[in-house]
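Heads up: numbering here begins at 1 and tracks the sequence.
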Amino acid sequence: MLRILLRRRKHALSAADVTVADRPQVRRAVSAAALGNTMEWFDFGVYAYLAGTLGKVFFPASSPGAQVVSAFATFAAAFLVRPLGGLVFGPLGDRIGRKRVLAATMIMMAISTFAVGLLPTYAAIGFAAPLLLLVCRLVQGFSTGGEYAGATTYIAEYAPDKRRGFLGSWLDFGTFVGYSLGSGLVTVLTAVLGDDGMTDWGWRLPFILAGPLGLIGLYMRLHLEETPAFEREAEAAREEAEKIRSEGGDDPVEVARQSGHGRLKEIFTRHWQAVLICMGLVLLYNVTNYMVTSYLPTFMSETLHQDALTAQLLVLGTMIVVVLTITTVGRTSDRWGRRPVFMAGSIALILLAAPAVLLIRAGGILLPAFGCLILGLLLVCFAGTSAATLPALFPTRLRYGALSIAFNISVSLFGGTTPLFASALVQATGDTMVPAYYLMVAGLIGLVATFFLHETAGKPLRGSGPMVETSEQARQLVARSRTQAGRRARDLWIRLRHPWAR
């Protein structure tokens, strides 16, 4: 009898505890989530490559250097409202579901990006033009506050445990495909229309194309199912609420715990360590990301006075390398673990950032191409691993909200401001090695965060049961769990009956 009780206390898995992933649903989930990121980063790629042009269109009274800083200041302003978007959309996604919030963020992103292409210029309406541009960027930033965290949460909760790195990497695959499409389109338009044509009207075309992309993404997201992890959590919450009501009314403690304020309090009191680790990893990824994707084209053309088309092609080529290698890095993190990939990337960033920038400064094509390639390979170490690592830091009932808050605070303070701070520091100091120093500091912070990161590769998400690909894998997992529970119960039984035995 005692042995039976001991066996039960070890909580061996049952068939109901293991979720078998539905492959068609997994494919739809990954595709719809990745398309949202494609839409978001299409806008970023367009804006980064058009920073100089937008400076001339919306800030014509400033000097060329001030025009670039002004354009990036408007770019950075969108990141100031991202934490607010995270505070709104994140907890909402934990309460009403992931797919509804993701549909709402898609609508807002598409409308705000499309609207930029229709804005009147400074020459037409004066100071109101940059103000309207700022409003569009703020709306886009607010919607993005719930986008990446929701998309990573959605994919992570649908992905089998042993393939979460590979499937999650497709989200950032969408990121860099979107950036490549946006930047590639601007490069082609610049080559065809020339600088004058782009300044006159060509800059509008890439933003207007965001409308059809947004409609496609919205259609896909409206046809998604809710994640199994969220449905289980919601069902457990309903059962708990019914139990409390049957016993005589609502429990004020439980009501407070389920409220938005209660969830925020729980995030910062019980999960503050995970929040800090998340912020450190997000800083590492996004400083590298925005330095390469948003600042590097302008740095090469406006600061180093290299040919603008050559600079755009080099960065575009770097993005293609990232796109081609990112899923391989995600698959590698499933096999080797998330920590080794982050650790290796952080150390390499500290050591190789300065040589990469020196190569970019050398001029010509070959040496800058090697410098851009180094930065691209460093970036892919973080891009291919983040989507699987960050959601695993938090439990299911708080995952969307906690990740939204931590991610967006870090991106707003450190990631999105990277082009602005880097360009301002270069202009103030005259030191063109500033981007290297900036990246080295990010690598150091990322290394510290990785040191405290617990390995999650191949393990169930916090607050969720195991997720496998086939029914056969589920049966094997249950059988193995029962065997292990029996062995633990046997060992404990022996120690209780024969305490002197070794």
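- To the nearest 0.5 Å, the span separating CZ on Phe299 from CD on Gln306 amounts to 8.5 Å.
- Residues Tyr148 and Val282 are not in side-chain contact: their nearest non-hydrogen atoms beyond the backbone lie 4.5 Å or more apart.
- In this structure, CG in Asp196 is found 8.0 Å from NZ in Lys56, a value given to the nearest 0.5 Å.
- Proximity of Val434 to Phe421: side-chain heavy atoms (C-beta onward) are nowhere separated by under 4.5 Å.
- With Arg82 contributing its side chain and Ser412 its backbone, the two residues share no donor-acceptor pair below 3.5 Å.
- Formation of a donor-acceptor pair under 3.5 Å by the Ser333 side chain with backbone atoms of Gly330 is found in this model.
- Put simply, the side chain of Glu233 never gets that close to the backbone of Asp94: no donor and acceptor are under 3.5 Å apart.
- Side-chain contact between Thr288 and Leu375 is absent, with no heavy atoms from C-beta onward closer than 4.5 Å.
- Atom CG of Leu358 and atom CE of Met433 lie 4.0 Å apart (nearest 0.5 Å).
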TODO: Apply side-chain contact (heavy atoms from CB on, under 4.5 Å) to Met39 and Met106, showing your working.
DONE: CA-CA 8 Å; Met39 169 72 204; Met106 173 64 76; 4.3 Å; yes
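- With Glu226 contributing its side chain and Arg98 its backbone, the two residues share a donor-acceptor pair below 3.5 Å.
- For the pair Ser112 (side chain) and Met109 (backbone), a donor-acceptor distance under 3.5 Å is present.
- Under a 3.5 Å cut-off, the side chain of Asp334 and the backbone N or O of Phe166 do form a donor-acceptor pair.
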Open item on the list: Assess the residue pair Thr38 and Leu213 against the criterion (side-chain contact (heavy atoms from CB on, under 4.5 Å)); give the C-alpha distance rounded to whole Å, side-chain angles, the decisive distance to 0.1 Å, and a yes or no.
Closed with: CA-CA 9 Å; Thr38 301; Leu213 283 177; 5.7 Å; no
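- By the 4.5 Å heavy-atom criterion applied to side chains, Leu453 and Leu393 are counted as neighbours.
- Counting heavy-atom neighbours within 6.0 Å of Leu309 CG, excluding the residue itself, gives a total above 12.
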Open item on the list: Let's go through Thr121 and Phe58 carefully: what are the C-alpha distance in whole Å and the side-chain angles of both, what is the deciding distance for side-chain contact (heavy atoms from CB on, under 4.5 Å) to 0.1 Å, and is it a yes or a no?
Closed with: CA-CA 6 Å; Thr121 65; Phe58 290 97; 5.5 Å; no
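- One distance of note links OG1 of Thr418 with OH of Tyr438; it measures 4.0 Å at 0.5 Å rounding.
- Smallest separation of non-hydrogen atoms from Arg399 and Pro391: NE-O, 3.0 Å.
- The structure places OH of Tyr122 at 16.0 Å from CG of Leu54, a figure rounded to the nearest 0.5 Å.
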Open item on the list: As a quick check of understanding, evaluate salt bridge (Lys or Arg N to Asp or Glu O under 4.0 Å) for Lys99 and Glu157, giving each step before the final call.
Closed with: CA-CA 12 Å; Lys99 69 171 188 175; Glu157 291 181 350; over 6 Å; no
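- Side-chain atoms of Val116 and Val46, non-hydrogen and from C-beta on, never get closer than 4.5 Å to each other.
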Task: Verdict with supporting geometry, Tyr154 and Tyr400, ring-ring contact (aromatic ring centres under 6.0 Å, His included) - done: CA-CA 9 Å; Tyr154 197 86; Tyr400 198 157; 9.6 Å; no
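- Here Leu193 contributes atom CG and Asp200 contributes atom CG; the two are 9.5 Å apart, rounded to the nearest 0.5 Å.
- Environment of CZ in Arg462: crowded, with over 12 heavy atoms of neighbouring residues, nucleotides or ligands closer than 6.0 Å.
- A 6.0 Å sphere centred on CG of Asp431 holds more than 12 heavy atoms belonging to other residues, nucleotides or ligands.
- Using a distance-only test at 3.5 Å, with no hydrogens or angles considered, a donor-acceptor pair links the side chain of Asn408 to the main chain of Ser404.
- Using modelled atom types, one side-chain atom of Thr152 and one backbone atom of Ala149 make a donor-acceptor pair closer than 3.5 Å.
- A donor-acceptor contact shorter than 3.5 Å links the side chain of Arg221 to the backbone of Ala32.
- Checking side-chain atoms of Ser410 against main-chain N and O of Phe407 turns up no donor-acceptor pair under 3.5 Å.
- With a 4.5 Å cut-off on side-chain heavy atoms, Val380 and Phe176 do not count as touching.
- Side chains of Tyr295 and Val426 form a contact here, defined as non-hydrogen atoms less than 4.5 Å apart.
- The two atoms that bring Ile267 and Gly401 nearest to each other are CD1-C, 4.0 Å, heavy atoms only.
- Contact annotation: the side chain of Leu349 approaches that of Leu284 to within less than 4.5 Å [non-hydrogen atoms, C-beta and beyond].
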